[in-house]
Amino acid sequence: MATNTAAGGASNLLRFWPWVVIPLLALILPQIFDSRHGITLLSHMGIAIIFALSYNMLLGNTGLLSFGHAVYYGLGAYVAMHVLRMVNDAGGEGLPLELIPVVGAAAGLFFGVIFGSFSVRRAGVVFAMITLGLGALVHSSSLMFSDFFGGEAGLFGNRVAAPSLFGVDYGSNTNTYYLVVAWALIAAIFIYLLRKTPLGWMANAVRDNPERAQFVGYNPTIVRFIQFALAAMFAGLAGGLFVITDEIVNDESVGQIQSGIVLLGTYIGGIGYFIGPMVGAALVTVLESSLSSYTEAWVLYFGLLFISIVMFAPMGLVGIVHTQYLTWKAGGWKGNTGIRLYMLLAGLVGIFGAICVIELSYHYFRSWDPSAPFGLMGFTVNATTALPWLVSFGIAIIGFGLMLFHGKPMLARRISATSEGGNA
Amino acid sequence: MFETIAYSILNGVLYGTLLFMMSSGLTLIFGMMGVLNFAHASFYMLGAYFAYTLGLATGFWVALFLAPILVGAAGALVERYGLRRVHQYGHVPELLFTFGLAYVIEELVALFWGTVPVPYKAPASLDFTAFSLMGLDYSMFKVFILLVAIVMFVGLWLLLKKTRAGLVIQGALSRPDMVGALGHNVPMVFTFVFAFGCALAGLGGVVGGIQFVTDPGMAFMMGPIVFVVVVLGGLGSVPGALVASLIIGILQTFFLSINFSLAGAIGSLGIEDSGFFGVLWHMETTRIAAVLPYLLLVLTLIFRPRGLFGKREA
Amino acid sequence: MTKRNALELKAVKKNFGRAEIIRGVNLDVHEHERHVIIGPNGAGKSTLFNLISGRLKVSDGSIKLFDKNIHNMPAHKVNRMGLSRSFQVTNLFQNMTVMQNLRCSLLWSEGHKYAFWKSVMKQDRVTEHALALAEELNLSSQADTPASLLTYAEQRALEVGCTVASGAEVILLDEPTAGMSRTEANDAIQLIQRMTGKNTLVVVEHDLSVVFELADRISVLVYGEIIATGTPDEIRNNAAVQEAYLGTEVH
Amino acid sequence: MQLNKKAGLFTGTMIGLSMAVSTVTWADNHPIRISYIEPLSGPFANVGDAGLKHFRFAAEKLNNEGGILGRDVEIVAMDNKQSPSESVSLVQRSVDNGINFVTQGNGSNVAGAIVEAVDRNNRRNDDKVLYLNYAAVDPALTNERCSFYHFRFDANSAIKLEALSNFMTTRDDEIDKIFLINQDYSHGQFISKRMKALVDEKLDAEVVGDVLHPIAQVRDFSPYVSRIEQSGADTVVTGNWGNDLSLLVRAIDSAGLDVNTYTYYGGGLGTPAAVGPRGEDILFQVSEWHADVNVDEGLEEYEKWFVEFKERYPEIDWYYHRIYNQMHMLKNAIEEVGDADDVVAIAKAMEGMEFQSPTGTVTMRAKDHQILQPMYISVMDADAKYDADNSGVGFRTVANIPVEEATDTTSCDMRRP
């Protein structure tokens with residue numbers, strides 16, 4: 001039997017290959033993207049993955065929607081930073097750098113236990129609201145208690161002025177990256193194994209049916225509490241790693257935006273799958289850092305992507321792939337592979353058209369001189385003339401139209417035809 | 001001291017009534033559909049922007065009526081083509097949908113109207129000093145806001161208590177599972193309530209946009225506070241929303257208006273202004289005022305999750 | 001037959017606002033007995049179950065399970081003291097498979113508590129037990145089917161299985177045959193009898209033929225009060241019952 | 001802007017990745033590039049965008065005059081979303097792309113992070129980078145946290161207060177009671193603390209109120225205004241910027257309170273438009289320049305510069321005079337060294353450099369890399385020749401503060417390479 005998730009179901013594909021492919025990818029990627037910025041981005045992806053996995057312990061596994069998970073990430077980071085600074089001040093003597101994240105994890109656990117003790121009594125909206133309030137409270141206090149939080153300027157540390165267990169020089173971004181990978185792997189394994197324990201099972205049980213869980217002897221509050229505390233611990237670990245890669249921590253790491261991003265990434269990836277949050281977190285990290293260089297509209301794209309996922313693919317991107325894979329394996333693609341590809345293509349064309357429309361709008365409404373020519377998909381166009389608008393809208397309408405009103409009914413007809421044929 | 005109290009109550013009631021305009025719609029929607037609409041404050045923002053743009057063409061008074069209707073229509077579209085689809089997946093996706101929607105609306109507003117505040121001003125007919133109280137002027141527009149809020153509360157009350165539609169909604173507020181049994185078209189009722197709630201928020205925006213600032217950040221600024229009002233008042237309770245709005249409005253204004261800290265009142269007792277308790281000891285009420293709503297939110301949810309007037313827990 | 005009481009209700013009352021639903025119920029359930037509670041719709045049978053199982057708090061009175069007070073305890077504590085229940089509406093872990101449902105139901109009674117350092121799948125006793133249960137429930141072939149895809153009767157069977165699996169001595173079943181056809185209901189009754197041989201059983205039931213087949217003793221609940229308790233024959237011949245209940249509502 | 005690279009979402013991302021990682025080799029006449037790290041999306045995008053236009057304009061002007069060492073200057077826009085940690089990784093991206101100069105100004109917290117990132121990079125790597133700060137005013141950046149690689153072209157907060165209080169001494173007869181209202185973060189906290197000390201030291205007046213309010217969260221300032229009223233203050237001093245400033249001034253005006261308001265950022269982008277004529281004769285600002293300085297002092301060349309900018313971007317005004325100084329001083333330093341890549345030498349050339357700015361001689365103080373320049377106190381005036389941001393109101397100079405009176409002492413103890 002496979003994972004114990006809601007929709008994950010039993011699938012060997014999703015069970016084993018990630019454990020081989022992802023570490024391999026983690027080792028190969030820095031060879032390809034070998035600039036400092038590229039390596040830092042990869043490190044951030046690693047951290048985001050731990051954070052998202054920890055978040056999914058709440059949302060996916062226990063059904064707890066939190067709007068304040070960054071509190072534990074951020075507080076873990078702050079405590080780790082203080083320890084790093086102590087090590088710095090002691091002239092580089094004390095706790096080895098490799099273990100600084102453990103400090104963050106301990107801090108996350110500590111605050112998770114404290115805040116968790118009163119926030120997990122109820123799930124659902126009450127829990128969501130409490131986490132929202134707590135997140136705002138902690139974020140506001142980060143600007144008030146500047147002794148601990150360093151005000152809005154934050155705190156700085158120096159990872160090089162700290163001893164290393166293995167004599168590694170962490171001046172190099174690449175070495176730091178491998179440290180992140182190591183911790184990410186450890187965290188992922190632990191979080192994965194946690195799902196297999198009685199606690200992990202009962203977390204799912206409590207998510208699906210807290211009442212029933214009570215009648216098999218479990219206190220849902222305690223199940224949620226332990227899950228919450230452990231999730232906070234892993235969030236703190238991610239925070240501790242962030243301190244090492246960026247050597248800075250400030251109020252944004254406990255802020256609502258951080259909480260929002262982890263929710264976004266986890267959900268986009270797919271909360272029902274173990275690798276869902278990983279995929280989502282990595283994607284969001286890359287998009288967030290690079291999309292903004294290319295388009296002003298990146299927040300809008302983010303919002304639209306998120307809404308589309310919520311509306312049309314509640315199991316996330318991994319869910320889409322997995323469903324299609326299962327259909328394919330079950331032979332559901334037979335005789336209609338072409339139609340599926342056609343729908344995909346039409347959809348992509350539609351998206352392309354929609355992007356053109358959005359880019360045109362941004363140019364038209366936002367730039368000082370809308371009539372200035374600008375480059376759109378390789379063409380230089382003038383946004384004050386009708387032509388580019390007509391073409392863009394046309395592409396979008398044709399694309400989505402073909403997908404929804406031509407491809408979709410055709411697929412439905414084909415499928416029903418095959419199943420009838422099968423019966424006959 | 002008397003001055004302070006008078007100012008606080010006056011300003012607090014004004015702020016409270018604006019909060020009520022937004023929260024009444026939110027609490028109706030939640031009570032009926034179980035959806036905590038994260039994008040509610042976005043509809044408040046849309047109200048302000050619609051009224052601003054319409055006002056340029058038609059003048060303020062027409063916009064005052066048209067803008068909420070437009071916002072309500074936008075709400076109906078969102079419910080019909082967005083929420084209804086997500087509804088089948090459960091409450092968490094619904095919440096997430098509105099969460100994402102809030103971002104999209106903010107971006108679209110910034111796209112069409114820009115990131116800078118728009119010059120949305122009170123109409124000349126209301127832009128004069130109504131009265132002066134102890135050296136401070138109060139503009140007619142502030143009085144007007146109070147009037148709008150009172151009319152709205154009375155109208156809402158009449159609607160809920162005296163009309164058939166109101167009775168259906170009321171029934172649904174206390175027993176959501178019973179609506180279906182009433183034989184009414186439940187999805188229609190949902191769409192109507194959602195649109196109506198959004199229109200109320202839009203009305204709040206029409207006047208709030210003038211009183212405060214009309215910029216794309218106004219939704220995210222107000223959003224959390226509206227939640228606090230709704231939770232404190234009791235989810236689904238309209239009178240609760242009114243009382244909670246006034247409490248929060250007055251309390252927050254009062255905290256801002258007085259100059260108080262434990263250290264100032266009792267003496268510093270040799271406690272330095274550093275360290276966790278030191279900072280708390282020296283913390284002035286003005287600085288606490290900003291986090292006060294969140295504090296109330298968390299405390300309410302811990303100790304009385306049903307709020308002041310709520311009949312059932314969230 | 002031992003005369004020890006498994007359950008003892010004394011003057012239990014429950015009101016919602018001004019509406020009094022349970023108006024002073026006294027009830028003794030003997031150990032190892034099959035006790036069926038019948039009564040017309042709205043008599044408060046489900047409310048009574050909810051009070052016993054800790055889902056609702058009593059307004060007044062006391063409930064004892066093997067001489068220990070259990071009223072107003074949270075449901076999981078009541079369960080740990082040896083009482084479990086099924087629900088009128090099927091109430092499984094819908095997204096889990098049959099085996100997963102059974103395993104979850106066994107975890108606490110096998111003493112695994114909130115452990116987060118051992119794998120569920122490696123607990124052989126749990127596995128054996130769950131497999132045996134699946135066998136008994138005739139669900140072996142469906143072991144890996146998600147609960148939501150089972151037929152209604154299978155779901156009810158699994159519900160009974162999970163209730164029994166939690167290791168409780170006293171089992172409350174809320175209308176275990178509701179919505180079933182005649183044959184399905186008969187199978188269900190046999191299953192219940194087979195599965196709960198060693199337990200004390202309290203059942204709420206509508207279907208009178210089922211009641212008389214299953215019950216050692218019957219209590220009749222009308223408008224929040226027990227108007228009679230006795231063997232099936234006694235109940236059949238009780239004038240008050242006939243007047244209040246059987247006379248008006250015979251299936 | 002690299003608009004042509006807007007080749008779709010997915011391709012864009014892929015290009016982004018490969019762009020970020022590829023090391024590009026450049027021909028000899030490649031442009032001298034400056035990373036402009038500011039918010040270009042989100043709520044502060046308008047501020048970042050306006051600054052970018054200033055830099056692009058100044059660069060174009062330089063290029064028309066032959067550029068630096070015959071090479072063009074290119075401004076590379078990078079969106080930091082107003083986030084310090086994002087800025088840190090953008091510094092890294094700049095270094096990756098072989099850019100030697102970064103510039104930033106909005107947010108002292110971002111500035112602090114960039115100083116730290118630049119220092120760290122220059123300590124660990126050979127590709128060094130210089131940070132030119134055009135607007136972040138936190139005094140710490142040229143005091144306890146000063147860095148060899150950081151140059152500040154704006155007057156820091158201490159200098160602004162110094163200039164302001166020197167001006168206020170000349171108005172002693174009308175200033176008796178001062179109310180301080182500031183944003184609750186280090187910028188505002190510093191003003192509240194420092195101003196109190198200055199009042200004690202120099203002025204025949206008392207501080208009757210000192211309030212910190214949460215930054216960018218207050219929508220209704222009337223409770224604060226009622227406190228100002230009750231305190232009997234005749235003067236308000238605030239370091240507020242953006243909405244926090246315009247809302248404050250509007251609330252003071254609508255309550256009919258008769259106080260003068262001294263600000264840092266009264267002329268900042270969007271503020272004159274939001275305040276409008278209500279600020280006339282009561283809203284003062286301390287700045288290194290404003291549009292009517294050109295008129296008052298007959299700076300025809302610079303006025304042409306101003307007008308040309310206005311023609312190009314009708315919705316905003318040339319506001320950051322420091323960017324003029326900064327670009328020219330950078331040019332002078334690079335040309336003195338003769339090599340745009342020897343960052344350390346350029347930094348050394350910039351130390352102590354004097355520059356003839358239109359407003360007078362400005363000096364880059366060698367000890368802490370803080371620029372010293374004459375300052376102006378001006379008041380909002382509807383009769384000014386040039387409106388700010390088409391608001392109908394501009395500024396009129398009420399006092400010139402000479403360089404000697406616009407200075408501070410520094411505790412900087414710099415580590416030099």
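Just so it is clear, the model here is predicted, and its values are computed rather than measured. Numbers restart at 1 for each chain; the letters A, B, ... are given by sequence-line order, proteins then strands.
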Visitor: For the CZ atom on C/Phe66, are there more than 12 heavy atoms of other groups (residues, nucleotides or ligands in this structure) within a distance under 6.0 Å?
Guide: yes
Visitor: Rounded to the nearest 0.5 Å, how far does CE of C/Met96 lie from CG of A/Asn204?
Guide: 5.0 Å
Visitor: If you round to the nearest 0.5 Å, how far is CD of C/Gln100 from CH2 of A/Trp201?
Guide: 4.5 Å
Visitor: Work out which heavy atom in C/Phe93 is nearest to a heavy atom in A/Asn209; give both atom names and the distance.
Guide: CE2-O, 3.5 Å
Visitor: Identify the residues of residues 210-226 of chain A whose heavy atoms come closer than 4.5 Å to a heavy atom of chain C, ordered by number, or report 'none'.
Guide: A/Glu211, A/Arg212, A/Ala213, A/Gln214, A/Phe215, A/Val216, A/Gly217, A/Tyr218, A/Asn219, A/Pro220, A/Ile222, A/Val223, A/Ile226
Visitor: Chain A heavy atoms under 4.5 Å from C/Leu106: which part of the residue, side chain, backbone, both or neither?
Guide: neither
Visitor: Specify the closest pair of heavy atoms between A/Pro198 and C/Ala115, including all atoms of both residues, with the distance to one decimal.
Guide: CD-O, 3.4 Å
Visitor: Would you find more than 12 non-hydrogen atoms of other residues, nucleotides or ligands less than 6.0 Å from A/Phe190 atom CZ?
Guide: no
Visitor: Relative to chain C, which segment of A/Leu193 carries a heavy atom at a distance below 4.5 Å: side chain, backbone, both, or neither?
Guide: neither
Visitor: Is the number of heavy atoms from other residues, nucleotides or ligands under 6.0 Å of C/Arg194 CZ greater than 12?
Guide: yes
Visitor: According to ring-ring contact (aromatic ring centres under 6.0 Å, His included), who are the partners of A/Phe115, at least two apart in sequence or on a separate chain?
Guide: none
Visitor: Name the region of C/Lys122, side chain, backbone, both or neither, that has any atom closer than 4.5 Å to a heavy atom of chain A.
Guide: neither
Visitor: Between A/Leu194 and C/Phe116, what is the shortest heavy-atom contact and its length?
Guide: CD2-CB, 3.5 Å
Visitor: Take atom NZ in C/Lys118; do more than 12 heavy atoms of anything else shown fall under 6.0 Å from it?
Guide: yes
